[in-house]
Number of protein chains: 2
Amino acid sequence: MKAIINVALKQGVLDDQGKATHHALDTLGFKDIVKDVRIGKQIIMELNSSNEDEAKEEVTKMCEKLLANTVIEDYQIEIVG
Amino acid sequence: MKAIINVALKQGVLDDQGKATHHALDTLGFKDIVKDVRIGKQIIMELNSSNEDEAKEEVTKMCEKLLANTVIEDYQIEIVG
């Protein structure tokens, strides 16, 4: 079983990395098409678990304890396979 | 229109960040459930475009030029909304 966890900065939190990337894209000639860029993390985890609910519960604990800084970041968990 | 771009290290490329996270999860008591961790980037982009094909083409160019290091990374593009 696999978990895909997307961790992104909350709306309103300054995203330096996204801003720098946006600026770089502007200078590369994509100024007209790019309106906003935000960058987060995608964590892909292989799990020893056959129960989807249990897996999601464990991954939620991992996010709260380590994977996300819940003061400034939101996370989404998707369990697949 | 919005593009979601997932950039991940290719299979076989050492993922230090993933390894460190895996180790940290082991020490936090998730040793039994976590088999493997890999960490990539998720880039969320707002686009000034109403044509899905054109948007995908432009974003592919951005990935090749800036967003992904295609020697060691793979990318996936999803156009939504």
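None of these values were measured; they are calculated from a predicted model. Protein chains get the first letters and strands the later ones, always in sequence-line order, with residue 1 at the start of each.
- Listed by chain and number, the residues in a side-chain contact (heavy atoms from CB on, under 4.5 Å) with A:A55 are A:M1, A:L47, A:S49, A:I79 (sequence neighbours excluded).
- Once rounded to the nearest 0.5 Å, the distance linking CG of A:N48 with CD of A:E58 reads 11.5 Å.
- For residues 62-69 of chain A, the interface with chain B (any heavy-atom pair closer than 4.5 Å) comprises A:M62, A:K65, A:L66, A:L67, sorted by residue number.
- The same ILVMFWY cluster, assembled from side-chain heavy atoms under 4.5 Å apart, contains both A:I39 and B:V59.
- Considering only heavy-atom pairs separated by less than 4.5 Å from chain B, the leading option among A:Q17, A:K41, A:H22 is A:K41.
- A:M45 approaches A:I5 most closely through the heavy-atom pair CE-CD1, 3.8 Å.
- B:T60 places a side-chain heavy atom less than 4.5 Å from the side chain of B:Y75.
- Contacts of residues 24-38 of chain B with chain A at a heavy-atom distance below 4.5 Å involve B:A24, B:L25, B:L28, B:F30, B:D32, B:I33, B:V34, B:K35, B:D36, B:V37, B:R38, listed in sequence order.
- For the atom pair B:Q42 CD and A:I4 CD1, the distance stands at 9.5 Å (nearest 0.5 Å).
- Taking CD of B:E78 as the reference point, atom CD1 of B:I44 lies at 10.0 Å (rounded to 0.5 Å).
- The interface of residues 6-14 of chain A with chain B, defined by heavy-atom distances below 4.5 Å, comprises A:N6.
- Heavy atoms closer than 4.5 Å to chain B are found nowhere in A:K2, neither backbone nor side chain.
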